[in-house]
Amino acid sequence: QVQVVESGGGLVQPGGSLRLSCVASGITFSIYEMGWYRQAPGKQREVVARITSGGTINYADSVKGRFTISRDNAKNTVNLQMNSLKPEDTTVYYCNARETRHPFRDYWGQGTQVTVSS
């Protein structure tokens with residue numbers, strides 16, 4: 001069975017840092033594009049950062065320069081280092097695994113809560 005499990009969320013002060021991790025099992029991790037998404041209350045879900053199977057990275061403009069995505073294929077893990085956190089970063093963060101072969105399936109984790117507040 002496929003499992004996508006996020007961890008590392010929590011409560012942090014503005015300007016602080018958190019490191020999110022996502023472990024995917026039951027897939028051939030190396031052929032999956034991985035990504036982090038978030039959906040704030042009352043807003044649409046948005047991509048935060050993506051990293052392709054070849055290591056190409058894209059960030060949302062709102063997090064560029066503050067967040068860093070990385071992957072470790074040996075550990076079936078994708079990480080999101082979040083620095084200089086702002087209150088508007090508060091929401092649930094979801095890990096996504098996207099197959100790069102037919103049938104191009106998507107798998108989602110259950111999410112991890114990030115709260116940035118003083």
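All values reported here derive from a predicted model rather than from experimental measurement.
Looking at Gln13, its side chain does come within 3.5 Å of a backbone N or O of Ser117 through a donor-acceptor pair.
Note on Val92: it does not cluster hydrophobically with Val78, by side-chain heavy-atom contacts below 4.5 Å among ILVMFWY residues. No continuous path of hydrophobic side-chain contacts links Tyr32 to Phe104 [ILVMFWY only; heavy atoms under 4.5 Å]. The hydrophobic cluster containing Val48 also contains Ile57, counting ILVMFWY residues as joined when their side-chain heavy atoms lie under 4.5 angstrom apart, directly or transitively. Linking ILVMFWY side-chain heavy atoms closer than 4.5 Å, directly or via other members, places Trp36 and Tyr107 in a single hydrophobic cluster.
Heavy-atom minimum distance, Arg66 versus Ser62: NH2-O, 2.9 Å. Heavy atoms only, all atoms of each residue included: Ala97 and Ile27 are closest at CB-CD1, 4.1 Å. Nearest approach of Met34 to Cys95, heavy atoms of both residues: CE-SG, 3.8 Å. Considering all non-hydrogen atoms of both residues, Ser84 and Ser17 come closest at N-OG, 4.4 Å. For the residue pair Leu20 and Gly9, the shortest heavy atom distance occurs at CD2-N, 3.6 Å.
Judged as a salt bridge (charged side-chain N to carboxylate O under 4.0 Å, His left out), the pairs with a partner in residues 72-82 (not counting sequence neighbours) are, in order, Asp72-Lys75. Contacts classified as side-chain hydrogen bond (donor to acceptor under 3.5 Å, both in side chains) and involving residues 39-49 (residues at least two apart or in different chains) are given here: Arg38-Glu46. For residues 37-95, the pairs satisfying ring pair (Phe, Tyr, Trp, His ring centres under 6.0 Å) are Tyr37-Trp108, with sequence neighbours left out. Listed by first then second residue, pairs satisfying salt bridge (charged side-chain N to carboxylate O under 4.0 Å, His left out) with a partner in residues 14-25 number zero, not counting sequence neighbours. The list of salt bridge (charged side-chain N to carboxylate O under 4.0 Å, His left out) pairs with a residue in residues 100-118, not counting sequence neighbours, reads Arg98-Asp106.
Partners of Asn58 under the side chain to side chain contact (heavy atoms under 4.5 Å, CB included) rule, at least two apart in sequence or in another chain, are Thr56. Qualifying salt bridge (charged side-chain N to carboxylate O under 4.0 Å, His left out) partners for Glu6, counting only residues two or more places apart in sequence or in other chains: none. With sequence neighbours left out, Val116 forms a side chain to side chain contact (heavy atoms under 4.5 Å, CB included) with Val12, Pro14, Leu85, Pro87, Asp89, Thr90, Val114. For Thr112, there are no side-chain hydrogen bond (donor to acceptor under 3.5 Å, both in side chains) partners two or more places apart in sequence or in a different chain. Under the side chain to side chain contact (heavy atoms under 4.5 Å, CB included) criterion, Ser25 pairs with Gln3, not counting sequence neighbours. Residues satisfying the salt bridge (charged side-chain N to carboxylate O under 4.0 Å, His left out) test with Lys86, not counting sequence neighbours, are none.
Side-chain contact between Arg71 and Asn73 is present, with at least one heavy-atom pair separated by less than 4.5 Å.
No side-chain donor-acceptor contact under 3.5 Å links Gln81 and Asn79.
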Criterion side chain to side chain contact (heavy atoms under 4.5 Å, CB included) on Ser53 and Ile31, from CA distance to verdict: CA-CA 6 Å; Ser53 59; Ile31 67 165; 5.5 Å; no

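In the hydrophobic clustering, Leu11 connects to no other residue, as no ILVMFWY side-chain heavy atoms lie under 4.5 Å from its own.
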